[in-house]
S.K.: 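Before I ask anything, let me first share the structure, which is written out below as structure tokens.
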There are 2 protein chains.
Amino acid sequence: MKFDLDRLMAERGIDVAVVSGRIHGNPTMYYMTNGAKLTQGVVVKPAGRPPVLGYYPMERDEAAKAGMDSFNLGDLNPRALVEEAGSTLGGTVLFYSRLFDTLGVRGRVAFYGEQDQGRTLALLNALSSGVPELTVMGEFDDTIFDHAQLTKDEIEIQRMREVGKKTAAAVQAAVDLIQRHRSVDGVMAKADGSPLTVGDVKREVLRTLFELGLEDPEGMIFAIGRDAGVPHSAGNASDPLRLGESIVFDLFPREAGGGYFHDMTRTFSIGYARPDVQEIYDQVRFCYDKVVSELRVNELARTYQHLTCDIMEEMGHATPRTDAHAESGYVHTLGHGIGLEIHSRPRFSDTKLNEDRLVPGSVFTVEPGLYYPDKGYGVRLEDTWTVGADGMFRSLTEFPKELVIPV
Amino acid sequence: MKFDLDRLMAERGIDVAVVSGRIHGNPTMYYMTNGAKLTQGVVVKPAGRPPVLGYYPMERDEAAKAGMDSFNLGDLNPRALVEEAGSTLGGTVLFYSRLFDTLGVRGRVAFYGEQDQGRTLALLNALSSGVPELTVMGEFDDTIFDHAQLTKDEIEIQRMREVGKKTAAAVQAAVDLIQRHRSVDGVMAKADGSPLTVGDVKREVLRTLFELGLEDPEGMIFAIGRDAGVPHSAGNASDPLRLGESIVFDLFPREAGGGYFHDMTRTFSIGYARPDVQEIYDQVRFCYDKVVSELRVNELARTYQHLTCDIMEEMGHATPRTDAHAESGYVHTLGHGIGLEIHSRPRFSDTKLNEDRLVPGSVFTVEPGLYYPDKGYGVRLEDTWTVGADGMFRSLTEFPKELVIPV
């Protein structure tokens with residue numbers, strides 16, 4: 001949680017954390033500015049002191065709404081600094097140097113937030129050599145922000161629960177759309193006789209998300225038949241909805257304008273299920289239920305990837321453990337942490353290097369799946385789960401798991 | 001344009017350009033993958049050779065649709081590399097080292113694309129020391145991708161023209177919504193007597209954008225009265241629409257899922273205009289028309305910021321030239337380049353360091369404005385313009401400039 005940042009900075013010897021760049025599409029900036037409606041800015045967080053939001057003067061109204069200490073970057077006269085230095089790079093070094101002087105920060109300065117990689121390398125190396133009294137740092141893995149966001153507070157969990165309800169409503173809208181149509185010769189058909197397509201369903205889902213105040217930045221998966229057998233195949237808009245085929249519907253929207261994600265997957269089959277699809281579905285459902293029944297607070301996340309491989313192998317499927325390159329069977333990890341990023345901590349990869357645990361405040365997905373593209377099907381089931389302060393596990397995905405959509 | 005990349009790489013002594021990270025919200029990745037529907041990847045562009053898209057095996061279907069040479073990153077077994085190195089950082093260094101070996105690239109390698117700054121610093125410095133036969137580079141300003149995107153090809157211009165038409169339709173939807181209501185005591189009112197608000201208009205505009213296949217990632221500006229006097233004030237959702245007040249409506253959506261932006265601003269006043277608002281509006285309109293009439297192919301962009309300051313100062317307003325900290329008068333630059341990013345090249349800042357020119361294939365905004373928050377108003381007018389291969393300037397914003405919306 002955010003209040004862990006001071007402890008983490010002290011443990012790692014970080015005197016100042018600087019987060020910069022755009023707000024939108026920059027989860028660390030969003031986290032530190034509470035989603036302020038600025039286009040860009042700089043947050044300076046000295047150890048043991050509240051963060052300061054540096055904003056540009058045209059955005060002073062929106063900065064004031066962020067509810068944090070703030071500083072008008074226009075006072076540094078960035079344009080004049082570029083003229084003084086004779087280059088934008090030199091001017092930007094001067095800008096940071098003056099900003100740090102003004103805010104009275106020095107020592108070990110760590111940078112965060114999304115920026116172009118080449119710009120970052122050029123700037124931070126120039127800053128390091130141009131301002132020798134600073135020690136410019138970068139954390140690669142398990143950064144203080146990764147670590148702080150391993151746990152969510154009650155307000156964050158409540159927001160994520162709301163996103164979960166709305167996501168489920170959008171999945172229901174897809175089911176409703178399908179059920180408003182009837183089948184003709186094994187294909188769902190519109191009133192004019194043309195087939196109901198994957199694209200039609202996606203449009204209905206997008207419209208529902210929009211009406212509910214969610215957005216779909218990463219693009220949903222609605223993949224039928226063989227495509228359902230490739231985990232990240234998004235599905236072809238022109239594919240007609242055929243009866244009896246497995247449909248993997250993976251929806252992972254977030255609050256509009258950036259914010260918290262939800263992630264859920266259901267596998268559907270319209271009208272009836274092919275027996276081979278039903279069999280695989282039952283196996284995935286068994287695995288899902290077994291894993292969920294074994295969830296224990298403070299357990300290593302990788303334990304559950306291990307358990308899933310045990311279950312899948314016992315049922316005769318390849319897993320990443322038996323074949324790292326498998327494209328059939330169980331071919332991914334069990335889940336992932338989720339928050340302001342769709343994939344965050346905890347990680348579930350089954351390696352000793354992964355020490356992530358399911359602790360109170362964790363939010364993560366459980367999503368076993370089985371994929372047989374050559375046989376023309378795939379199945380995945382996924383809910384987003386959280387661990388409460390009471391150590392209890394709760395799903396944030398309120399939607400039944402039924403394979404067949406009756407039509 | 002994209003075919004300039006090889007020339008630019010040769011001029012700058014870059015042997016390999018590497019673009020990595022997410023596709024969404026990462027314009028350089030979007031540019032190099034033609035907006036492939038992957039979540040992430042690595043593009044390796046050796047000098048003089050076509051780019052290669054590195055993808056993860058679960059996303060092989062979407063990678064195949066990108067229409068470019070591709071490489072399955074799973075073949076490098078990234079997870080085993082992390083185990084081998086004993087850390088994710090070490091594993092990532094091995095990953096790049098093996099990837100470059102496999103693709104037969106070496107020499108001066110420049111990195112691009114959005115990533116967390118600290119991760120970038122740690123990774124690129126580790127790569128530099130861990131693989132001494134590479135020279136790891138970063139461009140800060142005027143990168144090869146900035147430079148290539150200074151000019152758009154006919155396909156890009158056509159897409160941007162389409163976005164312009166749809167953006168104009170969304171502005172029209174706002175006008176239509178307002179005109180479907182009537183005024184009661186100087187405020188636009190709904191059937192139930194409650195006021196029509198800024199939030200109501202924004203919802204209608206968002207719905208229209210959505211239906212037209214656009215998204216609004218940066219958040220539109222619809223600001224009335226005093227807020228219209230602060231250039232980036234987004235407007236308060238609960239503000240009622242009052243007659244006679246200036247409304248700055250700045251809409252800058254892009255193709256849904258990432259893609260090309262359009263940017264346009266109109267200033268409206270409902271029912272009638274206060275005389276002081278009308279006067280300022282006429283001045284901005286005069287300035288806009290004058291600047292547009294002076295546009296010349298291959299001219300320095302900064303010439304037009306200079307010209308705008310001349311015009312505004314002649315009319316008695318402060319400008320950034322007379323007061324860098326002014327919050328009243330003309331307080332910004334005339335425009336900006338636009339493409340896959342809302343603010344890109346050419347730049348219009350009036351400094352000798354800015355050598356950007358309006359060349360065939362340039363796409364940019366022209367947006368003079370005057371701001372008087374203390375007097376309760378602001379005015380801005382903006383179209384997106386392009387320069388054709390014939391040297392002719394054309395607006396991509398097909399929408400009239402009329403201050404008063406009759407009701």
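Quick caveat: nothing in here was measured; it's all calculated off a predicted structure. Letters A, B, ... are given to chains in the order of the sequence lines, protein chains preceding strands, and every chain is numbered from 1.
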S.K.: How close do B:D61 and A:S233 get, heavy atom to heavy atom, and via which atoms?
M.R.: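 Taking B:D61 first and A:S233 second, the nearest heavy atoms are OD2-OG, 3.1 Å.
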
S.K.: Let me know if B:E215 has heavy atoms under 4.5 Å from chain A in its side chain, its backbone, both or neither.
M.R.: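 It is neither, since no heavy atom gets under 4.5 Å.
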
S.K.: Which one wins on heavy-atom pair count under 4.5 Å against chain A: B:Y112, B:F210, B:Y371, B:F111?
M.R.: B:F210

S.K.: Does B:T120 reach the side chain of A:L124, with side-chain heavy atoms less than 4.5 Å apart?
M.R.: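 No; the side chains remain at least 4.5 Å from each other.
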
S.K.: Relative to chain A, which segment of B:E62 carries a heavy atom at a distance below 4.5 Å: side chain, backbone, both, or neither?
M.R.: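 Answer is side chain: those atoms of B:E62 sit under 4.5 Å from chain A.
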
S.K.: Need one label for B:L123: side chain, backbone, both or neither, based on atoms under 4.5 Å from any heavy atom in chain A.
M.R.: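 Contact with chain A: backbone and side chain both.
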
S.K.: Heavy-atom distances under 4.5 Å only: say whether A:V82 touches chain B with side chain, backbone, both or neither.
M.R.: both

S.K.: If every non-hydrogen atom of A:G113 is compared with every non-hydrogen atom of B:D116, which pair is closest and at what distance?
M.R.: N-OD1, 2.9 Å

S.K.: Checking B:M137 against chain A: side chain, backbone, both or neither under 4.5 Å from a heavy atom?
M.R.: backbone

S.K.: Output, in order, the C-alpha distance, side-chain angles, deciding distance and verdict of salt bridge (Lys or Arg N to Asp or Glu O under 4.0 Å) for A:K352 and B:E83.
M.R.: CA-CA 9 Å; A:K352 283 180 193 140; B:E83 298 272 353; over 6 Å; no

S.K.: With side-chain contact (heavy atoms from CB on, under 4.5 Å) as the criterion, how do B:K65 and A:N236 come out once you've worked through the C-alpha distance, each side chain's angles and the decisive distance to 0.1 Å?
M.R.: CA-CA 11 Å; B:K65 292 178 195 160; A:N236 287 307; 3.4 Å; yes

S.K.: Show, in sequence, the C-alpha distance, side-chain angles and deciding distance for B:N77 and A:H325, and conclude whether the side-chain contact (heavy atoms from CB on, under 4.5 Å) test is met.
M.R.: CA-CA 8 Å; B:N77 220 337; A:H325 297 283; 4.0 Å; yes

S.K.: Establish, from distance only, whether the side-chain atoms of A:E218 and B:T39 form a donor-acceptor pair under 3.5 Å.
M.R.: no

S.K.: Any idea which heavy atoms bring B:A122 and A:G138 closest together, and the distance?
M.R.: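 Closest approach of B:A122 to A:G138, heavy atoms only: CB-O, 3.7 Å.
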
S.K.: Between A:V136 and B:L121, is there a side-chain heavy-atom distance shorter than 4.5 Å?
M.R.: yes

S.K.: So for B:I23, is it side chain, backbone, both, or neither that comes closer than 4.5 Å to the heavy atoms of chain A?
M.R.: neither

S.K.: Is it the case that over 12 heavy atoms from other parts of the model lie below 6.0 angstrom from the CZ atom of B:R79?
M.R.: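 No, the 6.0 Å shell around CZ holds no more than 12 heavy atoms from other groups.
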
S.K.: Where on B:S128 is there a heavy atom nearer than 4.5 Å to chain A: the side chain, the backbone, both, or neither?
M.R.: neither

S.K.: Regarding B:R22 and A:E341, does a basic nitrogen lie under 4.0 Å from an acidic carboxylate oxygen?
M.R.: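 Salt bridge between B:R22 and A:E341, a charged N being under 4.0 Å from a carboxylate O: yes.
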
S.K.: Should A:E139 and B:L89 count as side-chain neighbours, where that means a heavy-atom distance under 4.5 Å?
M.R.: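 They are not in side-chain contact.
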
S.K.: Where do B:M58 and A:V230 come nearest, in terms of heavy atoms and distance?
M.R.: O-CG1, 3.6 Å

S.K.: Name the region of A:Q115, side chain, backbone, both or neither, that has any atom closer than 4.5 Å to a heavy atom of chain B.
M.R.: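 When you check distances to chain B, atoms from both the backbone and side chain of A:Q115 fall under 4.5 Å.
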
S.K.: Determine, stepwise, if the pair B:R207 / A:E211 fulfils side-chain contact (heavy atoms from CB on, under 4.5 Å).
M.R.: CA-CA 8 Å; B:R207 185 173 298 118; A:E211 294 292 345; 3.4 Å; yes

S.K.: Can you tell me which portion of B:S87 sits under 4.5 Å from chain A's heavy atoms? Options are side chain, backbone, both or neither.
M.R.: backbone

S.K.: Which one of A:A80, A:G118, A:P231 has the most heavy-atom pairs closer than 4.5 Å to chain B?
M.R.: A:G118

S.K.: Between B:S20 and A:Q117, what is the shortest heavy-atom contact and its length?
M.R.: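 Here B:S20 and A:Q117 meet closest at OG-NE2, 3.0 Å.
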
S.K.: Show the numbers, then the answer: is there a side-chain contact (heavy atoms from CB on, under 4.5 Å) between B:R119 and A:D146?
M.R.: CA-CA 12 Å; B:R119 285 192 229 277; A:D146 293 339; 3.2 Å; yes

S.K.: Which one of B:H332, B:H24, B:H232 has the most heavy-atom pairs closer than 4.5 Å to chain A?
M.R.: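 Among the listed options, the one with the most contacts to chain A is B:H232.
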
S.K.: Heavy-atom pairs under 4.5 Å with chain A are the metric here; pick the option from B:G21, B:P27, B:A234 that has the most.
M.R.: B:A234

S.K.: For chain A, find which of B:N72, B:N26, B:N125, B:T88 contributes the most heavy-atom pairs closer than 4.5 angstrom.
M.R.: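 Among B:N72, B:N26, B:N125, B:T88, the one with the most close pairs to chain A is B:T88.
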
S.K.: Heavy-atom pairs under 4.5 Å with chain A: which of B:A110, B:G86, B:G257, B:G219 has the most?
M.R.: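 Between B:A110, B:G86, B:G257, B:G219, the count favours B:G86.
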
S.K.: Quick check on A:A324 against chain B: is it the side chain, the backbone, both or neither that has a heavy atom closer than 4.5 Å?
M.R.: side chain

S.K.: With respect to chain B, which residue among A:D227, A:V18, A:L206, A:V19 yields the maximal number of heavy-atom pairs within a distance under 4.5 Å?
M.R.: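 Ranked by contacts with chain B, first place is A:L206.
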
S.K.: I'd like to know which of B:S349, B:G74, B:P217 tops the heavy-atom pair count under 4.5 Å against chain A.
M.R.: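 When all of B:S349, B:G74, B:P217 are compared, B:P217 has the most.
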
